[in-house]
Amino acid sequence: MSALTDDTLPASPRAVRDEMIVFVVMAALLAIVPATGIYPFFVMQALCFALLACAFNLLIGFGGLLSFGHAMFLGTAGYVTAHLLKVGQISFPYWAGHWVVIPLPPLSPELGIIGGVLVSALLALVTGYVSIRRQGIYFSMITLALSQLLYFIYLQAPFTHGEDGIQGIPQGMLFGFIDLSKPTILYYVVLAVFLAGFLLIFRTINSPFGEVLKSIRENEPRAISLGYKTDQYKLLAYIASGTLAGLAGSLKVFVAQNASLTDVHWTMSGEIVLMTLVGGLGTIFGPIVGAFIIIAMQQYLAGFGQWVTVIQGVIFVGCVLAFRRGIVGEVANRVGHSL
Amino acid sequence: MPETKTATRPAAGAGGAQVLSVKDLQAWYGESHILHGINFHVKEGEVVTLLGRNGAGKTTTLKSVMGIIGKRSGSVQFNGKEISRASSDSIARLGVAFCPEERGIFASLDVRENLLLPPIVSSGGLSLDQIFELFPNLKDRLNSQGTKLSGGEQQMLAIARILRTGARFLMLDEPTEGLAPVIIQQIGHTIARLKKEGFTILLVEQNFRFASTVADRYYVVEHGKVIDGFANSELEANMDKLHTYLGV
Amino acid sequence: MQALYAQLLVGLINGSFYALLSLGLAVIFGMLNIINFAHGALYMMGAFCAYFLLNLAGIGYWWALIIAPIAVGVFGMILERTMLQWLAGLDHLYGLLLTFGIALIVQGLFQNYFGSSGLPYAIPDYPQIGDWRGLQGGINLGFMFLPIYRGWVVIFSLVVCLATWFLIEKTRLGAYLRAATENPTLVRAFGINVPRMITLTYGLGVGLAALAGVLSAPINQVRPLMGADLIIVVFAVVVIGGMGSIMGSIITGFALGVIEGLTKYFYPEASNTVVFVLMVLVLLVKPTGLTGRAA
């Protein structure tokens, strides 16, 4: 599976310093958004998806693994966080013939997020253990099937409220004193979490772990012959990616104030792939650009029914046939730097 | 066989027409430039051998003639027709048959299917009976999986299947590689027999002792160029040079 | 017991569709190295094709059974010629992404014009011979009531599957196909037009999907998204069975349909998920799939 990113990645060495400059500029631009009059809800939503796409990109762009089921982390973390914030009490059906009930009150935002992230980490461990067993195209099919399995479970599980979803979720006071129901405060919290998540991914890519991942992507047999247990590396990358995708899902609960089946559906997994493809597979900033473009497109075309789906399909086809580097990859190729 | 008349034409085609004429053939694998201008020709009824070290470009020459190498330039004429830009399937249908070095026996096909796979491109090919006469071993193994055969049998199958097609120009890439002496001998007999029946053969060989038993002429390939050529009768005189070229 | 047999029959019918679709996926994957995500959308197009033939041209079921697979097959061959063939030499994943995009376009267009609800397609009531009214009605088998159309779908699918198996495993054309799956370059150097074969193979695989679509139209109605969820189950079937063997695809398809039917009877809550759960189990026990080679 080495050819995937061969022509998508610029050949030049990573210029960490230049990338940091772009990062600071990006952070500064995002920080002044509330002062510009741009609808903050749109930017917050886009930031959640940007984090999600970055997490997905960690796996495909640097591990060579195309997950077609990343919506399962978004949706799972969303449901868990939403449930903890709104209800709290956890009931396991029929454990040895009885309902097991953990009586909890509705939890605070930070605990809700921790819960969502922990459960998605656990989910990533389990699904990763299964899906890492096959490579390439099979890996994609397996992740898709696993997310569909979860979709059907959530469709039937009582706590998700099926087709209705969990609605009207209280945003609450973060750490007891940050009022998340105030849009501007929520915006900066979302931005801070996004930037922290992004830096974590950035750090991972440039760590020795990231280097091993890249070498596995380029040539797995060679990495094995060098003594790396490539399956363990791939599993770790999968867990990291799934956990961060879960963080995005928990965060999104505070923005959208609901958790629904849409977030677990395969169409959502496809959108995550599309965002990353448009921005540039294997680029650092591409997923962010892609997420903003796709979310903006959905906003503007919301009234056009299924034409959104058709346009997304056209973008997929166009990107694969003529624009495999994506926007950021194309720019990076022009300026001769990795971005 | 229907072509017995042509089959008895004089061998060693001294005055025969040029079947294959290659001029300034260049070829690339991706970015790496492998052939830097190959020139040679093969006349009707001849057995011509390309000699040279590993990596000199002999196999690439055959593949370029066959149209398998995507990036190539220069001129290749087959029976006077320019084929350097043609696709490999259309080249094959003109009557060029290729037996690759790795033999290319298909694992998902049994021996019979392997044998019958290449389509007939013109009349005048060997019948199955004639093929079994040349390679009696194959007849008993018709229902075996192709890759279950021994190396020698696989080589025979690889040659046998291109004899059926009616192609009169055969390109054999290292047919003796890795085989036992007795089987090499059998393949030598086969080539001699084919020559007698009027086939034109372009052979790639490392083993020039074997080549000397069948070839009319030789070309020496080095670094993607033909650097020398001589007839079989001049072999003795060129022995010293040859040892230097081949490093044996 | 009646209910059990009824669910078994439903299982066999779903199994027929799994078999027809996974067979096509396997054949296409062998030649094109592409997992055809558009397979579900093309299955849907097969059903719509039958619907259009009936409602726009008055052409009935039996002709649709022939015309729809050919029409959708030709559409598939155009897709292959204009788009898929440019992916040769690239990573397999691009094929998945491209065909996913095609699926979105096709399904989106149909949704725009036909919404998401189902359009009815009647079971054919001809030829009428004696008491028989085409494929309508049913037979009392003593232990169960067998709707004739359902029995027809199972038997006809089985025949088509076996015919495809015969074509690929026992004929000269099939030998070309198997050989080209292994080593397309050499097969081409023998004088066979491999690019044309690839196009025809894609047409064949897609035609099988369209045929399944026509068969399913009277049972499941004609809906723009009828193939969208189905294709994911078929992916799981393919992971379970592996794509190395034609017969393996057929058997796995039918077997999983039956297991799903049994689950619907014994534990209906799990009937949507049982195939996926089985996939997980198979991956844990035998990661290469039941009949598959390492991939």
Side-chain angles (χ1 to χ4, degrees), chain A residues 1-8 60 64-66 68-69 126-127 129-142 144-153 155-156 265-267 270 273-274 277 281 304-322 324, chain C residues 29 33-35 37 82-83 86-87 89-113 115-116 224 228-229 231-240 242-243 269-273 275-277 279-281 283-284 287-289 292 294-295:
Chain A
M1 292 302 106
S2 59
L4 175 62
T5 40
D6 283 354
D7 69 338
T8 62
I60 172 73
L65 294 166
L66 173 70
F68 230 105
V126 175
T127 55
Y129 182 75
V130 173
S131 54
I132 291 294
R133 290 161 173 261
R134 297 296 291 274
Q135 295 169 6
I137 210 83
Y138 281 97
F139 175 83
S140 307
M141 290 197 281
I142 293 166
L144 176 61
L146 289 172
S147 76
Q148 188 78 346
L149 171 63
L150 274 167
Y151 175 84
F152 282 119
I153 291 175
L155 183 64
Q156 291 169 357
H265 199 248
W266 57 264
T267 47
V273 179
L274 183 61
L277 187 65
L281 289 175
F304 290 90
Q306 289 305 319
W307 286 111
V308 180
T309 314
V310 177
I311 292 168
Q312 285 183 347
V314 171
I315 298 176
F316 254 110
V317 170
C319 280
V320 172
L321 288 180
R324 281 188 287 275
Chain C
F29 185 69
N33 274 324
I34 280 176
I35 284 290
F37 217 129
T82 52
M83 299 187 207
W86 301 108
L87 299 183
L90 290 176
D91 192 288
H92 299 179
L93 298 178
Y94 284 117
L96 188 75
L97 297 181
L98 180 68
T99 51
F100 180 71
I102 293 172
L104 288 184
I105 295 173
V106 171
Q107 283 164 356
L109 284 175
F110 275 84
Q111 268 185 290
N112 268 319
Y113 292 109
S116 289
D229 285 344
I231 188 63
I232 303 178
V233 182
V234 174
F235 278 179
V237 171
V238 161
V239 171
I240 292 172
M243 286 190 286
E269 291 85 351
S271 60
N272 281 329
T273 49
V275 174
F276 301 117
V277 173
M279 179 193 79
V280 171
L281 293 178
L283 282 170
L284 291 176
T288 52

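In what follows, chains are A, B, ... by sequence order, proteins preceding strands, each numbered from 1.
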| query | So do the side chains of A:Tyr138 and C:Ile35 get within less than 4.5 Å of each other, counting heavy atoms only? | reply | no

| message | As an exercise: rank A:Val314, A:Val310, A:Val308 by heavy-atom pairs under 4.5 Å with chain C and give me the winner. | response | A:Val310

| field | C:Ala103 portion near chain A, given a 4.5 angstrom heavy-atom threshold | value | neither

| Between A:Tyr151 and chain C, which part of the residue has a heavy atom less than 4.5 Å away: side chain, backbone, both or neither? | neither

| query | Going from CG on C:Leu283 to CG on A:Leu146, what distance comes out if it is rounded to the nearest 0.5 angstrom? | reply | 8.0 Å

| said: When you compare the side chain of A:Leu66 with that of C:Asp91, does any pair of heavy atoms fall below 4.5 Å? | reply: no

| said: I need the A:Ile153 CD1 to C:Thr273 OG1 distance, nearest 0.5 Å. | reply: 6.0 Å

| Any idea which heavy atoms bring C:Asn112 and A:Phe304 closest together, and the distance? | OD1-O, 4.3 Å

| request: Anything under 30° is parallel, anything over 60° is perpendicular, the rest tilted; go ahead and classify C:Phe100 against A:Phe316. | output: perpendicular

| request: Quick one: closest heavy-atom pair of C:Glu269 and A:Gln156, and the distance? | output: O-OE1, 2.9 Å

| task | For A:Gln312 and C:Leu104, indicate whether the former's side chain and the latter's backbone hold a donor-acceptor pair under 3.5 Å. | result | no

| Interface moiety of C:Met83 toward chain A, non-hydrogen atoms closer than 4.5 Å | both

| task | Give, as side chain, backbone, both or neither, the part of C:Gln107 having an atom under 4.5 angstrom from any heavy atom of chain A. | result | side chain

| remark: Rounding to 0.5 Å, atoms OH (C:Tyr94) and CZ (A:Arg324) come to a distance of 6.0 Å

| Atom group of A:Val273 that falls short of 4.5 Å from chain C, counting heavy atoms | side chain

| Under 3.5 Å: donor-acceptor pair, side chain of A:Arg133, backbone of C:Pro287 | no

| query | Who among C:Leu87, C:Asp229, C:Thr99 has the most heavy-atom pairs with chain A under 4.5 Å? | reply | C:Asp229

| Out of curiosity, C:Met279 CE to A:Met141 CE, how far, rounded to the nearest 0.5 Å? | 10.0 Å

| query | What part of A:Leu277 gets closer than 4.5 Å to chain C, counting heavy atoms only: side chain, backbone, both or neither? | reply | side chain

| field | Segment of C:Ile34 engaging chain A (4.5 angstrom heavy-atom cut-off) | value | neither

| Shortest non-hydrogen contact from C:Ile232 to A:Ala145? | CG2-CA, 4.1 Å

| query | Is the number of heavy atoms from other residues, nucleotides or ligands within 6.0 Å of CH2 (A:Trp307) greater than 12? | reply | yes

| task | Can you tell which part of A:Phe68 gets under 4.5 Å to a heavy atom of chain C, answering side chain, backbone, both or neither? | result | side chain

| task | Step through the shown structure and confirm whether more than 12 heavy atoms of other residues, nucleotides or ligands are within 6.0 Å of CZ on A:Phe152. | result | yes

| remark: All heavy atoms of A:Ser140 vs all of C:Leu93, minimum pair found to be OG-CD2, 3.6 Å

| message | I'd like to check C:Phe276 versus A:Leu150 (side-chain heavy atoms, cut-off strictly below 4.5 Å). Are they in contact? | response | no

| message | Give me the atom names and distance for the closest heavy-atom approach of C:Gly101 to A:Val317. | response | C-CG2, 4.0 Å

| remark: The interface call for C:Phe110 against chain A, heavy-atom contacts under 4.5 Å, is neither

